2 protein chains.
Amino acid sequence: MRLFSLKDIAKKTGVSITAVSNVLNRRPIRIGDEKRRLIVKTARDFNYRPNLIARSLKRKKAGAIGVVVPDMTTLHYPELIRLLEVKLFAHGYQTLICNSQDNALCEKEHLETLRSRFIDGLVIAPAENGINAPLLRRISESGTLVLCVDIYLPREKFHYVTTDGRTSARQGAAWLAGKGVSRVFYLGERQRHQALDDRLAGVKDAVSMSQKDIILCAPERGEIHERCRTALRDPLSGAGFFLESNRLLPGLLDAARELRIAIPVNLPIIGFDSPVLVINGAEDFASWRILTAPVPVIRQNVAAMAEETAKYLTVKLAKPTARFASVRLPAEIIFQESKT
Amino acid sequence: MRLFSLKDIAKKTGVSITAVSNVLNRRPIRIGDEKRRLIVKTARDFNYRPNLIARSLKRKKAGAIGVVVPDMTTLHYPELIRLLEVKLFAHGYQTLICNSQDNALCEKEHLETLRSRFIDGLVIAPAENGINAPLLRRISESGTLVLCVDIYLPREKFHYVTTDGRTSARQGAAWLAGKGVSRVFYLGERQRHQALDDRLAGVKDAVSMSQKDIILCAPERGEIHERCRTALRDPLSGAGFFLESNRLLPGLLDAARELRIAIPVNLPIIGFDSPVLVINGAEDFASWRILTAPVPVIRQNVAAMAEETAKYLTVKLAKPTARFASVRLPAEIIFQESKT
DNA sequence: CTGAAAGCGCTAACAA
DNA sequence: TTGTTAGCGCTTTCAG
């Protein structure tokens, strides 16, 4: 079944297709009030919706924004995407969300597909530290707005919206030092990118670290458990942990539980992102109980991130000459002391 | 900048556009091996990608699936969407994910937009108990495959993939009874739909309930806290809670903590979906501590849900005559006894 | 002011 | 076997 088209309305009202198009698109074209009203009325009566595909083909713009993230279920991405989707839809843009699974090939496929759909803008948290940067450059040069979010590529000219990880990490590490921690372990992701390196740099700014206290793992609980166990077996006077992301926390808790080290009382910790404890069995539960008091959290401002991203896109798409600087948003440190 | 088009290739190779189209689309058309190779080679050399917009306009199919859910950040939706996206992309479909915010108007807007983009299929967890069913019917009649997921509309003819909530709820409630619970409180969502009513029905199948022990709240922590406090103030010999969804758990824990009722030792509970405890402050932490042992969880099989959904779409799109029955997937009850 | 007409890149029916 | 051609529904230019 066909949707109602401009032609149908033109036929019904006895005016030209052009006239209908002009009226319905509110173009500043003079036309008789009589006709205008008739056109608007018929369009409404028949619930006319422009065929966005035909329009895109002609305009070479789809009214859509592509969003490519490594994983839409972890960290702050779900929330970021949700906020973005709502804001962009309010501005008349559809959002095409893609999972790159932190895999450059997969990301490339998605980018090519998005491109051949004429997206107007692309928001990306690049996979594998920007291997696809050349492709991104081509996309950008072909007229699509490219904006990095969360993960940015320092050697590329793309604008970005991210968190000022270095400053917050410095503050977080300083807090650990203030708690009497003399040996800071840094627990981070094996797969690196600039935004993560910023955090590590921030910690190094605040406290002196030996290379072997930097533990980089795949975000896989078993591996983290093992690496942390090894680290914690040493006599640990004055030890503390800085977590690059609290999504690594479960593994650390597993290790602490095994070694019967209560956190944070016997091992102060601090990390990025709110700890999310999913109870999927008695094992989980036992590990969570090793956390005996609330720990401070470095929380990124996801709402502001979405806000800035949406603003950049909508403003710049409406007025390509608008100037923008990249944004590094401050994170907030929640020093949540127990009040029990 | 324009992308490479069929015409460009035709010009470069000196054959007709049709020939190029046929070769590149692997249509069973006889053509000289010489030419075929040349075409394929030039296409690859210039990194040709078909203009999907033009193709959609012609075919009236976009190679895209719309997915509309009430909220893509809560419950099992993020995981479901992720799995779907990966599977569908592997089959050559792009996924358009939309948030209806459980708001019929917003949902309607999204549906209209999706429709005017010629999606091939629509996966929807309908908002507000299916107010937009007539629109869905129109979409279905206009040739777009419509499939309900998670939330289904019993009075409509759309196929669906959901969880057999009634059976699992019955088993869960029976477990409570087995634990010596003689008075089951049912904590559920105020906004109803069939899949939720199924759970309530299941509980009623297993235990007799008085109407006033059914507590229906907005999924808002403060309100839940208050309602649960009221319920728990009565002398509560033999009380237990059935949670329609463990996303309501935080409010219950707040109330239990206030009244110093340890869960589950003094108040057995069971509920749908894995409990997710986000620590966003000392208050949260204190409330989570009132949970002193693991509790059983009724876990929906999200992977199977995504699997069935993707299968339905891909098979039925490839072969519209294929017959399918709606699916009610069994949930799994995780009786996670503590081993500490 | 108004409308006819060209064409976006692709597909498919039809000629040659 | 191959190529020509007529659109898909919309926008936009250019005559009337």
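Chain letters run A, B, ... following the sequence lines, proteins first, then strands; residues in each count from 1. Everything numeric here is computed off the predicted structure, so don't read it as measured data. Atoms considered below: every heavy atom in the structure, side chains included; atoms not considered: hydrogens, waters and symmetry mates.
For residues 138-157 of chain B, every residue pair satisfying the ring pair (Phe, Tyr, Trp, His ring centres under 6.0 Å) rule, not counting sequence neighbours, is listed here: B:Y152-B:Y160. Residue pairs meeting the ring pair (Phe, Tyr, Trp, His ring centres under 6.0 Å) criterion with at least one partner in residues 2-25 of chain B, sequence neighbours excluded, are B:F4-B:F46. Residue pairs meeting the side chain to side chain donor-acceptor pair (under 3.5 Å) criterion with at least one partner in residues 63-79 of chain B, sequence neighbours excluded, are B:D71-B:T73, B:H76-B:D150, B:Y77-B:D150, B:E79-B:R82.
B:N22 comes within 4.0 angstrom of nothing in the nucleic acid, heavy atoms only. Within 4.0 Å (heavy atoms only), B:Y48 reaches sugar-phosphate atoms of the nucleic acid but no base atom.
Under a 4.0 Å N-O distance rule, the pair A:R137/A:E141 does not qualify as a salt bridge.
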Next item on the list: Report the secondary structure of DNA chain C in dot-bracket form, marking unpaired bases with a dot and bases paired to a different strand with |, and treating Watson-Crick or G-U pairs with both distances under 3.5 Å as paired.
Entry: ||||||||||||||||
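Nucleotides of DNA chain C that come within less than 4.0 Å of any heavy atom of chain A span, from the 5' end to the 3' end, C:dC1 to C:dG9.
Residues passing the side chain to side chain contact (heavy atoms under 4.5 Å, CB included) test with A:K311, sequence neighbours excluded: A:E308, A:V315. Listed by chain and number, the residues in a salt bridge (Lys or Arg N to Asp or Glu O under 4.0 Å) with B:K58 amount to none (sequence neighbours excluded). For A:R192, the salt bridge (Lys or Arg N to Asp or Glu O under 4.0 Å) partners at least two apart in sequence or on another chain are A:D197, A:E244. When the ring pair (Phe, Tyr, Trp, His ring centres under 6.0 Å) test is applied to A:H193, no partner is found at least two apart in sequence or on another chain. In this view, B:K87 and B:E307 satisfy the salt bridge (Lys or Arg N to Asp or Glu O under 4.0 Å) rule, not counting sequence neighbours.
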Pick out the pairs of N or O atoms, protein on one side and nucleotides 13-16 of chain D on the other, that lie under 3.5 Å.
none

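Sorted by residue number, the members of residues 51-62 of chain A with any non-hydrogen atom under 4.0 Å from DNA chain D read A:N51, A:A54, A:R55, A:K58, A:R59.
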